[in-house]
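To start, the structure itself, in structure tokens.
A quick note: this is a predicted structure, and the numbers were derived from the prediction, not measured.
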Amino acid sequence: MNKILYYILFTILLLNQSCSGLLLIERVALEKSEARKITRMVSIEPDFDQIDIRKQPEVRYLKSDRKEKNLSRILIKNAKRSKIELTVIDANDLTPTELDYFNHLASLKMEVLQKSLHQNTPIDPNAGGAFNKNWLTPKKSYFNYPPIISPEYSKLAQKYKTPYFSFQGVYSFIKPVKGKLFMCCFFPPIGLASFFKPDITTYFYHVIVNVKSSQVVYRELRRINDSAKPDHISGIIYDSFKIFKSGK
């Protein structure tokens with residue numbers, strides 16, 4: 001299991017809440033006119049991982065290259081709907097012009113995720129929508145002091161023709177079914193149908209950094225109690241880009 005996944009899983013544990021849906025957003029406030037000017041962005045190696053708790057530790061962590069490529073296509077499609085031209089950098093499919101991935105982009109991703117983990121902005125209870133209702137009513141807060149990264153990455157803006165670099169990931173946890181025995185005993189048709197259905201929780205994260213200002217400008221974490229079906233993920237990603245481009 002790679003180091004980045006450890007950071008993400010630990011962040012998820014810190015933010016985990018006992019509710020059916022969760023959406024947390026922290027951002028730097030942008031004027032609408034400024035947000036509309038954001039037309040290009042680079043996504044660095046989107047992650048798609050499935051962790052099946054029911055299995056033995058040596059086989060419970062599954063990484064799917066096919067699902068990661070599908071996630072990349074979903075990201076590009078929904079970014080375009082928000083008038084953002086998204087370039088996805090995949091470490092397993094690098095072009096000759098992207099060979100600096102291991103020297104710059106991978107370290108940028110690691111540094112941003114580390115800084116995001118170690119700087120937690122307090123959540124204003126009066127901001128945004130209802131905290132525990134669903135992922136359509138986001139809980140927003142604004143960075144008092146945006147996480148700062150090294151200025152050495154500012155040179156990437158010229159090469160990729162945008163200062164905005166992003167990282168997205170989908171993590172789906174499959175857990176054993178619990179508490180269904182009562183349903184089986186007293187409501188057999190419903191209970192038997194649900195008894196063999198695993199308990200699935202899916203997380204989506206989205207982090208955006210401006211390498212020119214050396215600031216993390218957007219962080220988002222979502223949770224749904226459902227599988228990572230393409231239509232679910234597509235709707236979440238479309239909403240995520242839309243919220244970012246709103247500047248609010």
Side-chain angles (χ1 to χ4, degrees), residues 4 8 11-12 21-30 32-50 63-93 95 98 105 108-109 112-113 116 128-129 133-140 160-172 200-211 216-248:
I4 290 177
I8 295 302
T11 303
I12 287 172
L22 173 67
L23 171 53
L24 297 175
I25 294 173
E26 296 174 331
R27 67 177 307 148
V28 171
L30 298 173
K32 272 193 173 183
S33 58
E34 183 179 356
R36 290 195 186 105
K37 292 178 183 177
I38 302 171
T39 58
R40 294 177 62 89
M41 191 180 296
V42 175
S43 173
I44 302 177
E45 197 180 7
D47 295 308
F48 193 113
D49 298 279
Q50 182 173 292
K63 181 177 264 305
S64 171
D65 291 337
R66 180 179 61 82
K67 289 185 177 180
E68 285 190 348
K69 289 185 181 300
N70 190 44
L71 174 60
S72 295
R73 288 192 290 268
I74 293 173
L75 284 165
I76 292 171
K77 180 185 73 174
N78 285 287
K80 187 176 181 180
R81 294 172 68 186
S82 293
K83 298 182 180 180
I84 294 176
E85 181 184 345
L86 185 70
T87 300
V88 176
I89 308 295
D90 185 347
N92 297 316
D93 190 24
T95 67
E98 295 165 347
L105 298 180
L108 170 61
K109 182 173 183 177
V112 169
L113 293 177
S116 293
K133 285 187 177 179
N134 56 57
W135 58 271
L136 291 175
T137 55
K139 186 68 183 179
K140 300 177 186 176
Y160 290 94
K161 297 181 175 57
T162 177
Y164 292 99
F165 289 74
S166 63
F167 325 102
Q168 300 88 6
V170 175
Y171 293 91
S172 191
I200 303 177
T201 304
T202 299
Y203 293 88
F204 168 76
Y205 78 90
H206 190 180
V207 182
I208 301 174
V209 59
N210 183 331
V211 295
V216 175
V217 297
Y218 188 85
R219 296 192 304 205
E220 175 184 330
L221 175 65
R222 301 189 186 222
R223 183 183 71 201
I224 59 171
N225 287 351
D226 210 332
S227 61
K229 296 178 181 178
D231 55 339
H232 292 165
I233 300 305
S234 183
I236 288 172
I237 290 173
Y238 169 72
D239 189 58
S240 181
F241 279 114
K242 185 177 179 181
I243 291 173
F244 174 67
K245 282 294 292 283
S246 73
K248 297 179 181 179

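- With V112 as the partner, the side-chain contact (heavy atoms from CB on, under 4.5 Å) test is satisfied by one option alone out of V209, I44, I208: V209.
- How far CG of L108 is from CZ of F167: 4.0 Å, rounded to the nearest 0.5 Å.
- The shortest distance between side-chain heavy atoms of L71 and V88 does not fall below 4.5 Å.
- To the nearest 0.5 angstrom, D226 atom CG is 7.0 Å from I200 atom CD1.
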Decide yes or no on side-chain contact (heavy atoms from CB on, under 4.5 Å) for R222 and D239, but give the supporting numbers first. CA-CA 11 Å; R222 301 189 186 222; D239 189 58; 2.8 Å; yes
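- Using a 4.5 Å cut-off on side-chain heavy atoms (C-beta onward), F244 and R27 make contact.
- Listed for the S240 side chain is no donor-acceptor partner under 3.5 Å among the backbone atoms of I237.
- Under a 3.5 Å cut-off, the side chain of S166 and the backbone N or O of V42 do form a donor-acceptor pair.
- In this structure, the side chains of D47 and E68 come closer than 4.5 Å at one or more pairs of heavy atoms.
- Atom CG of L113 and atom OH of Y205 lie 5.5 Å apart (nearest 0.5 Å).
- Looking at residues two or more places apart in sequence or on another chain, you find no ring-ring contact (aromatic ring centres under 6.0 Å, His included) involving Y164.
- Between the side chains of S234 and N78, at least one donor N or O lies within less than 3.5 Å of an accepting N or O.
- Separation of atoms CG (N225) and OG1 (T202) is listed at 8.5 Å; rounding is to 0.5 Å.
- With hydrogens and angles ignored, the 3.5 Å screen pairs no side-chain donor or acceptor of Q50 with any backbone N or O of S172.
- Residues M41 and F241 form a side-chain contact, since some pair of their non-hydrogen atoms from C-beta on lies under 4.5 Å apart.
- A distance-only check finds a donor-acceptor pair linking the side chain of K245 to the backbone of S82 [under 3.5 Å].
- Using modelled atom types, no side-chain atom of K161 and backbone atom of R40 make a donor-acceptor pair closer than 3.5 Å.
- Side-chain contact check for Y218 versus I25: some heavy-atom pair is nearer than 4.5 Å.
- To the nearest 0.5 Å, atom CZ of residue R73 and atom NZ of residue K77 are 10.5 Å apart.
- Nearest approach of I243 to S246, heavy atoms of both residues: O-OG, 2.6 Å.
- The shortest distance between side-chain heavy atoms of N210 and V28 does not fall below 4.5 Å.
- N70 contributes atom CG, which lies 10.0 Å from atom CG of L75 (distance to the nearest 0.5 angstrom).
- With sequence neighbours excluded, no residue forms a ring-ring contact (aromatic ring centres under 6.0 Å, His included) with F204.
- A donor-acceptor contact shorter than 3.5 Å links the side chain of K109 to the backbone of E45.
- Side-chain contact between S72 and D90 is absent, with no heavy atoms from C-beta onward closer than 4.5 Å.
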After noting the C-alpha distance and the side-chain angles of I89 and Y160, does the key distance pass the side-chain contact (heavy atoms from CB on, under 4.5 Å) rule? CA-CA 11 Å; I89 308 295; Y160 290 94; 4.2 Å; yes
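- Side-chain contact between L221 and R219 is absent, with no heavy atoms from C-beta onward closer than 4.5 Å.
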